[in-house]
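Just below is one structure, and these are the notes that go with it.
Naming convention: chains lettered A, B, ... in sequence-line order (proteins, then strands); numbering from 1 in each chain.
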Amino acid sequence: MTAAVRIVQATKRFGATLALDRIEFDIAQGEFFGLLGPNGAGKTTLISALAGLVKIDSGRLEVMGCDVRSDYRAARRQLGVVPQELVFDPFFTVRETLRMQAGYFGIGRSAARDSWIDEILEHLDLTPKAEANMRTLSGGMKRRVLVAQALVHRPPVIVLDEPTAGVDVELRQTLWQFIHRLNREGHTIVLTTHYLEEAESMCDRIAMLKAGCMVALDTTRNLLDRSARRTLRLRTFADLSEMPGGGQPQGDGWWIFSFEQFAEIEPLLACIRAAGGEIAELEINQPDLEQVFIRIMREQEQVDG
Amino acid sequence: MVSSGFSTLFYKEVLRFWKVSAQTIAAPVLTAMLYLLIFSQVLEDHVKVHGLPYTVFLIPGLVMMSVLQNAFANASSSLIQSRVTGNLVFVLLAPISHREFFAAYVLASVVRGLVVGMGVLLFTAGFASPSFAEPGWILAFAVIGAALMGSLGVIAGIWADKFDQLAAFQNFLIMPLTFLSGVFYSIASLPPFWQQVSRWNPVFYMIDGFRFGFFGLADHSPWLSFTVAAGCLIIMMAVTLSLLKRGYKLRT
Ligand SMILES: Nc1ncnc2c1ncn2[C@@H]1O[C@H](COP(=O)(O)OP(=O)(O)O)[C@@H](O)[C@H]1O
Ligand SMILES: [Mg+2]
């Protein structure tokens with residue numbers, strides 16, 4: 001099957017800044033893909049290059065098999081981009097904005113267009129604001145319109161560049177519900193975000209960029225597993241200091257054990273029972289994407305240094 | 001699927017100035033009226049040009065000046081606004097070719113120029129009415145001139161990163177070109193040096209040709225003026241299209 005997005009050795013310089021350094025990966029159709037990295041990593045540059053806003057110096061980019069330079073019309077029809085900046089045209093209402101955007105993509109006046117616009121407005125809770133001028137909308141509302149604009153031409157691939165930055169919890173919920181639905185219906189979703197818990201809970205696969213280089217590319221599951229530093233925290237009034245397994249006392253009966261595989265837990269608990277301990281409380285801490293991210297970025301610094 | 005990217009962009013550009021017509025149509029018409037009032041008041045009894053009363057002579061020049069300045073203003077101010085606020089991205093994300101982009105902005109500029117021109121003509125009719133000797137030439141020069149200035153407006157709107165850079169472009173290029181083009185006088189009345197200078201100003205030919213359409217007489221033959229104006233338009237279009245094709249300042 002054609003990749004939804006194909007990035008081959010993409011390189012881009014802005015003067016002395018190497019914004020993209022031979023980036024290469026594919027995103028499969030139907031994937032929910034996360035593009036993570038600190039500020040200035042090159043995420044927006046990569047998205048802009050896919051959208052034809054930035055011209056890469058070398059390499060190749062395709063959207064649904066269409067080259068973004070030589071076959072730009074087809075490539076752009078396949079792609080819906082929600083820009084990072086909160087931009088809008090102050091001359092128009094929400095509905096006018098969406099109709100205009102549909103028109104730019106060659107979708108003229110029709111019942112199908114209008115009902116799709118109504119549907120998008122409904123799903124993004126924008127219906128009450130449909131006839132309001134863009135100028136009068138709050139930041140969160142403007143962000144919703146940006147999402148709506150990216151969807152008017154029903155693109156199979158949807159790219160969201162930090163869509164939840166500075167957005168209230170309610171909108172995040174609404175937005176993710178809608179995006180999930182689109183993903184279930186077969187749309188490919190590419191997402192950048194600063195909220196790593198969002199990426200962790202939603203993305204099937206993640207690429208991490210740093211200073212223009214790709215430093216990780218794997219399924220979210222593998223990223224979490226690979227860097228496993230799981231901990232078991234438990235509370236017991238038995239003395240575990242003589243026990244094998246290297247438990248660290250935390251005071252007030254709390255002990256912390258590190259482990260890698262869940263299979264290590266049962267022997268540990270058996271030891272505690274053998275020592276006559278009774279477990280009062282217990283919790284397992286999984287590594288989260290935040291920790292993984294920080295670790296990968298640190299490792300990279302050491303490599304660079 | 002028929003591509004309506006062009007037609008939508010054109011429609012949007014027309015709607016944009018139409019929605020703020022007090023500023024984009026009424027204001028320039030008023031400015032032209034003020035020129036007419038002042039100049040005709042001062043000069044009417046003293047000056048005749050080509051044997052015409054001064055006010056009658058002045059009207060076509062004022063109309064054309066308004067057409068040109070507003071065509072320039074339309075493309076340039078729309079583009080710089082869209083670039084500064086960032087909403088040009090919506091057009092750039094769309095499957096719109098550089099030719100469609102060019103055509104939409106220039107045609108909308110032509111529409112704005114012609115609307116303002118007709119407004120000036122309509123309101124000045126109360127003062128004096130010039131004849132319409134050869135309407136074909138009137139239309140031809142108005143359209144060519146507006147397209148040329150619209151095209152120049154596209155370049156200015158893309159080149160300028162700030163509003164004051166655009167203002168400089170307007171003050172140091174567009175204003176001198178339009179004012180020193182025989183709007184207010186026949187170049188026959190200028191000293192030889194300034195006559196020579198005027199011959200290098202393409203706007204002079206547009207105004208001269210436009211005026212010929214009204215009176216059937218002018219400083220030059222309309223065919224010469226037409227050749228110069230059309231030649232300049234072709235060059236300007238070629239330059240603008242090549243900048244747009246390269247994505248100059250639009251696609252980094
Ligand atoms: N138009 C531009 N001109 C010059 N430098 C740029 C431009 N766009 C991005 N950069 C630089 O490229 C690098 C990557 O930026 P960007 O892609 O915006 O990062 P991110 O979206 O990951 O925060 C940064 O160092 C940024 O300063
Ligand atoms: Mg960014």
Side-chain angles (χ1 to χ4, degrees), chain A residues 12-15 19 45 47-56 66 68-69 71-93 96-110 113 133-135 142 145-146 149-150 152-153 155 159, chain B residues 1-25 74 77-105 108 112 157-158 163 243-252:
Chain A
K12 175 67 184 179
R13 278 181 183 285
F14 290 110
T45 304
I47 290 172
S48 303
L50 280 174
L53 302 173
V54 158
K55 294 183 282 191
I56 52 173
C66 308
V68 303
R69 291 295 296 277
D71 198 5
Y72 69 91
R73 279 184 195 268
R76 288 184 204 164
R77 285 210 179 89
Q78 315 281 348
L79 189 66
V81 177
V82 181
Q84 182 177 346
E85 306 295 335
L86 206 56
V87 292
F88 63 98
D89 193 327
F91 281 93
F92 302 110
T93 67
E96 282 172 332
T97 298
L98 297 181
R99 286 187 174 159
M100 218 70 87
Q101 199 62 26
Y104 293 157
F105 280 84
I107 301 160
R109 196 183 302 240
S110 70
R113 176 198 72 173
N133 186 286
M134 288 299 299
R135 247 184 316 228
K142 286 189 184 117
V145 178
L146 275 185
Q149 276 177 277
V152 281
H153 59 292
V159 182
Chain B
M1 188 160 56
V2 183
S3 165
S4 66
F6 155 76
S7 48
T8 303
L9 186 54
F10 169 65
Y11 169 73
K12 188 212 81 170
E13 280 302 296
V14 172
L15 199 58
R16 189 198 67 90
F17 79 74
W18 195 252
K19 281 196 171 195
V20 286
S21 50
Q23 192 188 323
T24 56
I25 301 170
N74 202 65
S77 59
S78 172
L79 276 167
I80 196 162
Q81 272 175 30
S82 295
R83 284 178 57 237
V84 168
T85 57
N87 63 47
L88 194 63
V89 73
F90 300 126
V91 177
L92 297 176
L93 287 172
I96 293 176
S97 72
H98 71 282
R99 288 188 196 87
E100 288 176 291
F101 183 98
F102 173 82
Y105 277 94
R112 159 101 172 262
I158 290 173
F163 288 99
L243 289 176
L244 290 175
K245 185 165 189 219
R246 262 175 39 210
Y248 172 72
K249 289 221 179 176
L250 295 179
R251 303 184 192 272
T252 50

Segment of B:Ser97 engaging chain A (4.5 angstrom heavy-atom cut-off):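 The answer is both parts of B:Ser97.
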Structural part of B:Leu88 lying under 4.5 Å from a heavy atom of chain A: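 For B:Leu88, neither part sits under 4.5 Å from chain A.
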Closest non-hydrogen atom pair between A:Arg76 and A:Ala51, with its separation: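 Heavy-atom minimum between the residues: NE-O, 3.9 Å.
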Backbone N or O of B:Pro95 within a donor-acceptor pair of the A:Arg77 side chain at under 3.5 Å?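 No.
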Heavy-atom cut-off 4.5 Å, strictly under: side chain, backbone, both or neither for [X] against chain B?
{"X": "A:Leu146", "answer": "side chain"}
{"X": "A:Gln101", "answer": "side chain"}
{"X": "A:Phe14", "answer": "side chain"}

Tell me whether B:Lys19 forms a cation-pi arrangement with A:Phe91, defined as NZ or CZ under 6.0 Å from the six-membered ring centre and within 45 degrees of its axis.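 Geometry flag: not set, cation outside 6.0 Å or 45°.
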Atom OG in B:Ser77, atom CZ in B:Arg112: separation rounded to 0.5 Å?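 Separation between the atoms: 6.0 Å.
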If you round to the nearest 0.5 Å, how far is CG of B:Leu93 from CD of A:Gln149?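 Nearest 0.5 Å value for the CD-CG distance: 9.5 Å.
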